[in-house]
Amino acid sequence: VPLGLGLGYKELNCDDPETEQAALVAVDYINSNLLQGYKHTLNQIDKVKVWSRRPMGEVFEIEIDTLETVCHVLDPTPSANCSVRQLRQHAVEGDCDFRVLKQNGQFSVLSAKCDSSPDSAEDVRKVCPSCPLLAPLNDTKVVHAVDAALAAFNARNNGSYFQLVEVSRAQLVPLPASTYVEFAVAATDCVAQDVTDPAVCNMLAEKQYGFCKSTLTEKLGGEDVAVTCTVFPTQPVLPQPQPDGINIPSSMVSSATPESPPDAVVVGPLV
Amino acid sequence: TVGQPGVAVAAGPVVRPCPGRIRHFKI
């Protein structure tokens, strides 16, 4: 639609290469500024309007749908290499409104607003009647499973004591009765084997994060804990550019998005 | 739609520019 119809904007095709460029910049922005949870990937462009901007440039007002990937935001893996969380694993989508400026051929984010929500239980049941649904992160079984997994990891760890950063997702499995959890950890200034009071341990100035997956299986008279953690390389903290009027803490963000990530170290599985 | 004899007339639904394609699956 040409300019000059009284609306002040033009409508591009949602699959237009220029629209896709703006959408990909928006998704990169999401992944660079998420402080918790998982990286997202573009799923669909819902709407786009392009406004002329004086004295120069264009503003893309764009609505996009995203999907959660399996990569935690602290994982330095480029989001292009992260697979999408499947419906059977209880997928999560994001709905976002962005304003992206294109000036001198360069895109930059002016504003962003996103909400994320898990797929409905009914939809998960349609594709997999027996698949476990996402559980509340403050569920007592979830909290216990994370505590047990972290203790098991630190007990076998000869280096730094790792403390919990966040519980990222959890599922209660009915058969065999078990709790599956995923959580982020960070290295502290304590030595794992020497810790008596974890409360006195402090995260290192040069942050070193890890991401753990664990299953706690209930047994007669006890429980089994299996945990695998990937420890990411330390990353220097760099300031992040922010759009006008938005102030997002960046201390964790910069460590999650290096230009060329070194290899991570997988520790585990530990049983 | 009135067409001239021998002149092809576009048929079928109008292509909507938005929303765009789904890359993975729709929730």
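Chain letters run A, B, ... following the sequence lines, proteins first, then strands; residues in each count from 1.
Note on residues 115-135 of chain A: no pairs pass ring-ring contact (aromatic ring centres under 6.0 Å, His included), not counting sequence neighbours. Listed by first then second residue, pairs satisfying disulfide (SG to SG under 2.5 Å) with a partner in residues 83-118 of chain A read A/Cys96-A/Cys114, not counting sequence neighbours. Residue pairs meeting the ring-ring contact (aromatic ring centres under 6.0 Å, His included) criterion with at least one member in residues 96-138 of chain A, sequence neighbours excluded: A/Phe60-A/Phe107.
For the pair B/Phe25 and A/Leu87, the tightest heavy-atom approach, listed with the atom from each and the gap, is CE1-CD2, 3.6 Å.
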Between chain B and chain A: donor-acceptor pairs at under 3.5 Å:
| from | atom 1 | to | atom 2 | distance (Å) |
| --- | --- | --- | --- | --- |
| B/Pro17 | O | A/Cys14 | N | 2.9 |
| B/Gly20 | N | A/Ile45 | O | 2.7 |
| B/Gly20 | O | A/Gln44 | NE2 | 2.7 |
| B/Arg21 | N | A/Asp15 | OD1 | 3.1 |
| B/Arg21 | N | A/Asp15 | OD2 | 3.0 |
| B/Arg23 | N | A/Asn43 | O | 2.8 |
| B/Arg23 | NH1 | A/Asn43 | O | 3.4 |
| B/Arg23 | NH2 | A/Glu20 | OE2 | 2.9 |
| B/His24 | N | A/Asn43 | OD1 | 2.9 |
| B/Phe25 | O | A/Asn43 | ND2 | 2.8 |
| B/Lys26 | NZ | A/Gln44 | OE1 | 2.7 |
| B/Lys26 | NZ | A/Asp65 | OD2 | 2.4 |

Exercise for review: Give the C-alpha distance, both sets of side-chain angles, the deciding distance and a yes or no for side chain to side chain contact (heavy atoms under 4.5 Å, CB included) between B/Cys18 and A/Ile45.
Suggested key: CA-CA 8 Å; B/Cys18 287; A/Ile45 299 168; 5.7 Å; no

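With a 4.5 angstrom heavy-atom cutoff, A/Val92 touches chain B only via backbone atoms.
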